[in-house]
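All remarks here apply to the structure that follows.
Order of listing sets the numbers, starting from 1, for every ligand and every atom in it.
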Amino acid sequence: MPVLPDLIPLAEAQRRVLDGVGPLPAVSVDLADAAGLVLAGEVGSALTVPAWANSAMDGFAVRSADIAGASAAGPVTLPVLGEVPAGRAPDVELAPGTTLRIMTGAMMPPGADAVVPVEDTDAAAGASDVPAAVAVFAAARPGANVRAAGSDVEAGVTLLGAGRALDPAAIALLAATGHASVTVHRPPRVAVISTGDELVPPGVPLGPAQIHDSNSLTLAAQAAEAGADVRRLGIARDTLDDLLGLVREAVAWADVVVLSGGVSVGAHDHVKAAFSAVGTLDVWRVAIKPGRPFAFARATAGGRTVRLFGLPGNPVSVFVTFELFVRPVLRRLAGHPRGFDRPVRTVRLAEPIRGSSGRLTVARVVLAPDPARPDGLVARSSGGQDSHMLFSLARANGILFVPPDEDLPAGADAVAWELRAPG
Ligand code: AMP
Ligand code: MG
């Protein structure tokens, strides 16, 4: 009888895998390649934006005093001396009692302090010819429809702090303030390996006793979603030699290696031996269902710390254990201040959900708005809960935690993670 390691609670297992995990070194990347990466330091602005006052509308630049009395009943007519298009600095000062046609974003001519929108004049919107004169139907306050210099960003301010993930709005701000590159944490490199003599890739017709390798695609998609740079290294046959070959290749490149299968105590399970050959193995069993067998190791290669995860083979166990253990590690390596980011909700059960003895059950559920409670959510099982059932996994938009040794009745409250937005 093999001696089984202690069964440890989920939180303890998460603490062990996250121990010592911090952001990867800073690198400089082109802003165009920086979406989703995390800033390694704060970023300031050398520029004032807008750098100069410009028009917020297509219309006519005026001295507001000239049209103080204008109304629909008593328009003020001004000669139009020319035009200021975007991208050309006006070369003349606006003389009192005159106007210049101006486009959105074009530089305000000296002397002008307001823009009358084309809609408040008798000029045709979109006309190509500049009219000789224009009748203005409404007064404008000084500054009306003018974007003042520095109204968005003053030179010298801090734009974004360290730890900010570069979402599209952050990218927009950095581009507008002239940043061509940014200093971010290098995204984690993740190598994915499947193990099992029964596996063939999707696309290869199944022979007798064969199944398609789904885990390596699941894990690659999950790692990419978590912001990693992913390589799938293929399927290791159930021999230590074959597995070790791929594990060594993985360790030579990756920050995180994720294997599935071959981690329990079956006669053909070689993951632990392979981990021991390249690093320090740390084996435990986690008191969760699915996902009890688990192997973890640390290795060093080329100055990098490499973390190796041996996840259970069952496809749902793979998905769940990645969420619970690997995703937070990848996020921390990427520089996110928080490893755990899934929205945690207290939800009401629309139907009973069974737990299991001695283990925390991680049920796959459909979360939906609760008709009885504004902003509340109800949860029901997404379908079959066996660890090979991917159809019900794909229906789920959350995972729900049933405490050990409990069955939860309909109407009970439980804690769930949102994996996709409910509703
Ligand atoms: P194992 O832990 O290797 O005994 O695998 C447990 C179960 O997961 C078995 O039913 C395997 O066929 C299945 N399994 C293992 N690896 C994969 C994979 N890459 N894709 C789909 N199923 C797998
Ligand atoms: Mg196997």
Closest to atom 10 (O) of ligand 1 (heavy atoms only, candidates I193, L219, N314) is N314

Among non-hydrogen protein atoms, atom 13 (C) of ligand 1 lies closest to G313 O, 3.7 Å

shortest atom 22 (N) of ligand 1-to-protein heavy-atom contact is with I211 CD1, 3.4 Å

task = Run the salt-bridge test on R88 and D91 with the 4.0 Å N-O cut-off and return the result as yes or no.
result = no

Quick note on ligand 1: atoms under 4.0 Å from a heavy atom of T195 include exactly 16 (N)

Exercise for review: Could you tell me whether ligand 1 has any atom less than 4.0 Å away from a heavy atom of P315?
Suggested key: yes

ask   = For D30 and S181, does a side-chain donor sit closer than 3.5 Å to a side-chain acceptor?
value = no

Note: P293, heavy atoms under 4.0 Å from ligand 1, region reported as neither

Electrostatic pair D229-R189, nearest N-O below 4.0 angstrom:
no

for atom 16 (N) of ligand 1, nearest protein heavy atom and its distance come out as N215 ND2, 3.4 Å

For R298 and T280, which I'm curious about, is there any donor-acceptor pair between the side chains at under 3.5 Å?
no

Under 4.0 Å from one or more heavy atoms of D213, ligand 1 contributes atoms 18 (C), 19 (N), 20 (N)

* Counting N and O atoms only, with roles assigned by atom type, does the side chain of H270 sit under 3.5 Å from a partner on the main chain of D238, one being a donor and the other an acceptor? -> yes

Between the side chains of R327 and D341, is the shortest nitrogen-to-carboxylate-oxygen separation below 4.0 Å, so that they form an ion pair? yes

In ligand 1, the atoms that come under 4.0 Å of a heavy atom of E198 are 11 (C), 12 (O), 15 (C)

Ligand 1 to S194, heavy atom cutoff 4.0 Å, flagged ligand atoms 19 (N)

Logged contact type for V318 with ligand 1, heavy-atom cut-off 4.0 Å, is neither

Q) Do you see a donor-acceptor pair shorter than 3.5 Å between the side chains of S216 and D213? A) yes

(message) For the residue pair S356 / T361, report whether a side-chain donor-acceptor contact shorter than 3.5 Å exists.
(response) yes

For G262, the ligand 1 atoms with a heavy-atom partner under 4.0 Å come out as 1 (P), 2 (O), 3 (O)

Ligand 1 atoms nearer than 4.0 angstrom to some heavy atom of H212 are 20 (N), 21 (C)

Under 4.0 Å between heavy atoms, the region of S214 that gets near ligand 1 turns out to be both

Q.
Can you tell whether the side chains of R307 and D255 come within less than 4.0 Å, N to carboxylate O?
A. no

